[in-house]
Amino acid sequence: MTNALGGLAAVLPTAVDPAMAVTSAGGAIDVAWLLVALPALGAAVLLLAGRRSDRWGHLLGVAMPVASFVVAAAIWVQMLGLSGAERVAELDLGTWLSAGTFTVDLGVRVDPLSMTFVLLVTFVGSLIHVYSIAYMEHDPNRRRFFAYLNLFVAAMLLLVLADSYVLLFVGWEGVGLASYLLIGFWEHERPNAVAAKKAFVTNRVGDLGLLTAIMAMGLLFGTTDIGLVNRGAESAGEGWATVLGLLLLLAACGKSAQFPLQAWLGDAMAGPTPVSALIHAATMVTAGVYLVVRSGGIYDAAPTALLVVSIVGAITLLYGAIVGCAKDDIKKTLAASTMSQIGYMMLAAGLGPIGYAFAIFHLLTHGFFKAGLFLGAGSVMHGMNDQVDMRRFGGLATSMKVTWVTMALGWLAIIGVPPFSGFWSKDKIVESAYAVADGQGWQPWVLGTVALVGVGITAFYMSRLFFMTFHGTRRWDDGHGVPGDAGETADVQHPHESPALMTWPMILLAVGSAVLGGALAVGGAFTTWLEPVTGHAEHHEPVLPVPVIMTATFVLLLAGAFLAWRQYAAAPVAVVPPRGSLLTRAARRDLFQDTVNEALLMRPGQYLTRSLVFGDRTVVDGAVTGVAAGTAGSGELLRRLQTGFVRSYALQMVVGIVALVAVVLAVRI
Amino acid sequence: MTTMLHAGSVLAGIAEAGRTTTGEEVLFWILAPVMVLAALGLIFARRTVYAALSVILVMVSLAVLYVAQEAPFLGIVQVIVYTGAVMMLFLFVLMLVGVDVADTFADTLGAHRWVAALFGIGLGAVLISVVLRAADIAPQGLTAANEGGNPSGVARIIFGDYVITLQVVGILLITAAVGAIVLTHKERLVAKVGQRERADARIAAGEVLTPLPAPGVYARSNAMDVPALGPDGRPLEHSVSRVLRIRGQQRSVAEVHAHLDPGTGTGSTPPERTITGEEQVR
Amino acid sequence: MNLSNYLVLSVLLFSIGATTVLVRRNAIIVFMGVELMLNAANLAFVTFARMHGDLTGQVVAFFVMVVAAAEVVVGLAIIVAIYRTRRSASVDDVNLLKS
């Protein structure tokens, strides 16, 4: 096993050889910094101009990511014309920090991996911006919302384009800040503010990992340049590489809501729906996967860390799927599904070079269908007076045709029905999970089976969401009461289709969900595209024959979907949630994640704080007041020196100068 | 005479390679005591103007020393800026504030003066020992640097290495000028009163608009203190200067009349009726 | 003659200027003391320039003069402003720092 990994690692350095890595490509690549600068400029203008830009702010807010996308597309087209190794370019924009021998350069790294992200972020981001124009139309603070969205996009682009971990950290924190601002956008309601704070604090835990890792890199390699660190990771020894890998994993867990730092993601639904779409599809949670794949060199030198990555991914995968089955809130179900899908990506990333490309592939397709699903959910909420409880939906297919079709495509994609996008990416991950290492030991069996079971559960809960929302009986009040609900009556609803500004982004994303995966998977096009970064991975035979795996996947998928259909489309759905089994009840409470966090971290922290406060009052304050009293006494004495005459102050200065020079003279003699 | 010649030769062709000529040495030993004495005048001069004049002397001497030290440009600038502009500004302000503000030497701060003097001397002592310690360098002279002329050499550095500094200093000068204007600006608290406003006010107050009548004219006495007579024969009291009235030096018509010699009719024609100042209005 | 004579002269002038600032109470004379100190520093600069064979010292002296001119303008304006309100040019009368 070690041999195999060592062999794979040997591939990597040749792929990113320093001589080839730095190319002055010219053309559009040279203006890659514009990618970050444009949305950042948009955010700055919108924030600084304030209310004056209320009238045209949203237009500028949309124009900036679109312009970024145009630049990205130009770069992409240019890169397509280059050969594999030439596609890696590092743009040096000058020295940023210089402290003795340690310098950090300000640079942009343009390679297939970062460009994949840039294209995803700018394209999906632009669509979400367009969608937000209509979605936030009646919000008085729409301009501020767009400023934050632009900031979000700029930070994410900085994160993926950075050529050093320090610069990456800037983008990392920028993403954290923007998510905080956006999750708590309606901060006048307390739960929203609390959710924003929760996301922020949880992210800080992860940031600690990244920060420590960066410090360790400075210590070990004397540089934080991503290329240099990854090429030299092996020289640091496996022990250090493992430490670095685990620290980076902690960071990735915080940002990507992986176990055990997953608690914030569900609450992050407090933000406006476009924000959720942005966080889940393009800008935030994918950052963790990006970090792991980007640090491939480190993980290749640390098999243990890699194993931990895949285990964390596997746990989160199941965790998210189980939670998703129990939630009745449409957005929270989608949030749980994101958690689970990111778990898939982490699992793939944890498989080493063989999985990196599949992780990014799944991330890309997921970006499309998850954004589509979230925008669809937003559209449903838009038509249903911001109702989020799926038990109050049902039979909406006739009222919102476009939303229904687009969400259907997203749903088919996420559960992995061929030939939609999700099938191509997810099936590869399941396959590679079974193929880990040399096919020895327990790993392929456990990881593969988890991935396989995950497919079934995903099919169940996503179908549940889809059927509960669009099919089955109507469970909302159309003015003539709710059928089959004798008890309480809900608000009268007038479900209607959303305006074109909202439906068109959804349609585009739905088309992407349908065809993107297939288009990129043909002939391994995407894997080849990423090869300059991830290195060429040899294909390993899975422990089970591929047809068996595919059949099992398909059977589980159908079973899950059928179960959901029988329970939520064919049979009536209770408006009031039934008590449910123990697991359901636990899953409704996110498997007690908040309770665990409170018991393990919050309460001890509070006790520690209280004892510290006590110690502070008695010991520290005592000393401080003592010092204060002493100072006051001596001040009373010194007060006599203060005559208020300028001349006497000048004299004191001269006395000081003479004494000083005399001392210096005396010392030098 | 020889000294003059020496000084002349010093100014004409100064030492090469930083070595001082005898001429420069003589110049220094003449100027240095003068400068120190003049500077001491700043401490001891009782009148501010004398202090200013002694500072001017120090500055002019400094300019000469600059020229001797192969810095002719600075020497000229020293004369123009310091003696020409700065010290003149000082003198202007002196005139504005009052030349006769003499400083009393009785110090209000007790022993302050003696302590200050002590530490002033101490400062000189420590600095001299620093200088003697540090300045042990073989002088290189400016012959090479001044080859294309001293002003162009200085200009090359100012507009080369220090061009940013020059801009900043320019901004500083403008700021200082504006600052001075702001500081000395007097805020106008009421609307400006012009001729028109004065006239309006006078009419509104109902005062006499025409010039006051001239005092009485009796050619044979000082006429300024005698009121004039109105057309009705009554004396017009306000025709006599206000000052004389307040001082009580005014004379009544009757008083003057009494002194007149009725017999002699030369000069002016005496009135045919008796003028006492108390006639009835006709 | 040793060039350090110039430096000694510069130090003497500087000390006299400093002492003037300390002992005189007329703000204008105090100010002239400050000017004297600046000039003494300039003399040192010029001498150093000659010692090192580098005109930069003269340039710095030049800048000192310009800055001193700016300082004089503002300083005298302050003195005039104070004199207008207090009818006094004594630095001891400006003692609001006390209390």
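Quick note: numbers below take in every heavy atom, side chains included, and nothing from hydrogens, waters or symmetry partners. As the structure is a computational prediction, the values presented were derived from the model and not from experiment.
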Point-to-point distance, once rounded to the nearest 0.5 Å, from CD1 of B/I43 to CD1 of C/I29
11.0 Å
If you round to the nearest 0.5 Å, how far is CD of C/Q58 from CG of B/N150?
5.0 Å
If you round to the nearest 0.5 Å, how far is OG of C/S4 from CG of B/L132?
6.0 Å
Residues B/Q78 and C/N39: side-chain donor-acceptor under 3.5 angstrom
yes
Contact class of B/L62 relative to chain C, heavy atoms under 4.5 angstrom
side chain
Check whether B/A39 gets within reach of chain C through its side chain, its backbone, both or neither, counting any heavy atom under 4.5 Å.
both
Side chain, backbone, both or neither of C/I28 within contact of chain B (heavy atoms, under 4.5 Å)
both
Contact origin within C/L55 toward chain B - heavy atom pairs under 4.5 Å
both
Could you give me the CA-CA distance, side-chain angles and deciding distance for C/T47 and B/Y66, then say whether side chain to side chain contact (heavy atoms under 4.5 Å, CB included) is met?
CA-CA 9 Å; C/T47 312; B/Y66 287 166; over 6 Å; no
The reported gap from CD in B/E24 to CG in C/L3 (rounded to nearest 0.5 angstrom) is 7.0 Å
Per-residue contact mode, B/V58 against chain C (heavy atom under 4.5 angstrom)
side chain
Pairwise side-chain contact, B/M59 with C/E35, heavy-atom cut-off 4.5 Å (strictly under)
yes
Examine whether an atom of B/V55 lies under 4.5 Å from a heavy atom of chain C, and if so say whether it belongs to the side chain, the backbone or both; otherwise answer neither.
side chain
Identify the residue among C/V46, C/N42, C/L43 that makes a side chain to side chain contact (heavy atoms under 4.5 Å, CB included) with B/L74.
C/V46
Quick one: what part of B/L166 sits under 4.5 Å from any heavy atom of chain C, side chain, backbone, both or neither?
both
Which portion of B/F28 sits near chain C, non-hydrogen atoms under 4.5 angstrom
side chain
Side chains of B/L127 and C/V8 in contact at under 4.5 Å (non-hydrogen atoms):
no
Under 4.5 Å to a heavy atom of chain C? For B/T165 that would be both
Between B/A38 and chain C, which part of the residue has a heavy atom less than 4.5 Å away: side chain, backbone, both or neither?
neither
Would you say B/I164 has more than 12 foreign heavy atoms packed within less than 6.0 Å of its CD1?
no
